[in-house]
Amino acid sequence: MAQAHGRTGPAIGLDAVRRTAPGLVNVYKSAAVSLEKNGLGGQRAAVYLVLDRSGSMRPYYRDGSVQALADRILGLSAHLDDDGTVPVVVFSTDVDAEAEISLDRHAGRIAEIVAPLGHMGRTNYHVAMDAVIDRHLDSGSTDPALVVFQTDGGPSNRLAAERYVCKSASLPVFWQFIGFGDPQSHHFDFLRRLDELAVPERRVVDNAGFFPAGSDPRGMSDATLYDRLLGEFPRWLAAAADRGVLPRRGAPPRPRQGARVEGEPVNFPRTDSRWH
């Protein structure tokens, strides 16, 4: 994970991307434009990709939409994190797989990850959120996490998903949800109402955003995808710094021993059964 503070420019330069992942040069360049537009040039963050593998997602894996999203997220991550990899969490009823996609191993990688998996189950956001939180805290990274969370519907357990969003607001983690499918579908009602989780009554900071990518996600231009993906992240970075969730940019990072939720210290051990 990148640990740079006060740096400028991309974490991984264009020449390195050309050498290791020539097929991602165009998306890398598009990401650069959106990052600068949103005041995020030189920003460092650990990037995670969460992929829905519920039964209704089958067409999006089959037509390459999920692979295309993974490639775009990898192109963005090269600006934010210098390790050239994006951790991937695939979920349905449970966490189906935890893997990585990298600059030197990205073509066809999503198919490789999901090929040996079995039944495509329900849409339990909270199991994937738990896995990401565990991984980020265990990594020891002092950088914020940008979690790109792809789904084609609402959570099977809304209460658990809501609880994870609210409690994780005290952690350096921003959840950016992306919806595949009809933008007007009632399946996205939960995600459209994320802003109703009041700050500070329900959560210390607004730590989640959502946008629909439509029924043909590959048809959304790189520029539009990145602009929407990064639209709320800068506001979260500023608000999280104001509330002490993150150090102010340029300030030395503080070690994180736990988190505060509703005035009480709360640790996030692996598989905390209180959250389920």
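Using a 4.5 Å heavy-atom cutoff, the side chains of Ile113 and Ile101 are not in contact. At a threshold of 4.5 Å between non-hydrogen side-chain atoms, the residues Trp236 and Leu246 count as touching. Counting heavy atoms from C-beta on, the side chains of Gln176 and Phe233 never come closer than 4.5 Å. Proximity of Lys29 to Val17: side-chain heavy atoms (C-beta onward) are nowhere separated by under 4.5 Å.
Side chain to side chain, Asn124 and Thr93 fail the donor-acceptor criterion of an N or O pair below 3.5 Å.
Not counting sequence neighbours, Asp216 has no partner by the side-chain hydrogen bond (donor to acceptor under 3.5 Å, both in side chains) test. In this view, Ala238 satisfies the side-chain contact (heavy atoms from CB on, under 4.5 Å) rule with no residue, not counting sequence neighbours. Under the side-chain contact (heavy atoms from CB on, under 4.5 Å) criterion, Asp94 pairs with no residue at all, not counting sequence neighbours. Residues passing the side-chain contact (heavy atoms from CB on, under 4.5 Å) test with Val33: none are found, sequence neighbours excluded.
When all heavy atoms of Asp96 and Arg53 are compared, the pair lying nearest together is OD2-NH1, 3.3 Å. Shown here for Pro22 and Thr20, the closest heavy-atom pair between the two residues is CD-C, 3.7 Å.
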Audit row: Val86, Asp81, side chain to side chain contact (heavy atoms under 4.5 Å, CB included) steps and yes/no = CA-CA 9 Å; Val86 172; Asp81 196 343; over 6 Å; no
Where do Arg135 and Asp138 land on the salt bridge (Lys or Arg N to Asp or Glu O under 4.0 Å) test, with the steps shown first?
-> CA-CA 5 Å; Arg135 178 153 185 165; Asp138 289 350; over 6 Å; no
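Tested against Phe180 for a ring-ring contact (aromatic ring centres under 6.0 Å, His included), the candidates Tyr61, Tyr60, Phe211 yield a single pass: Tyr60.
Of the possible donor and acceptor atoms, none in the side chain of Arg202 sits under 3.5 Å from a partner among the backbone N and O of Cys166. No donor-acceptor distance shorter than 3.5 angstrom exists from the side chain of Ser30 to the backbone of Val27, with no hydrogens or angles considered.
Following chains of ILVMFWY side-chain contacts shorter than 4.5 Å, one cannot reach Val199 starting from Val165, and the two form parts of different hydrophobic clusters.
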Check residues 181-188 and write down every donor-acceptor pair under 3.5 Å in which the side-chain atom is one partner and the other belongs to a residue at least two apart or another chain.
| residue | atom | partner | partner atom | Å |
| --- | --- | --- | --- | --- |
| Asp182 | OD1 | Gln184 | N | 2.9 |
| Ser185 | OG | His187 | N | 3.0 |

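Sorted by first then second residue, the ring pair (Phe, Tyr, Trp, His ring centres under 6.0 Å) pairs that include residues 66-109, not counting sequence neighbours, are Tyr28-His79, Phe91-Phe149.
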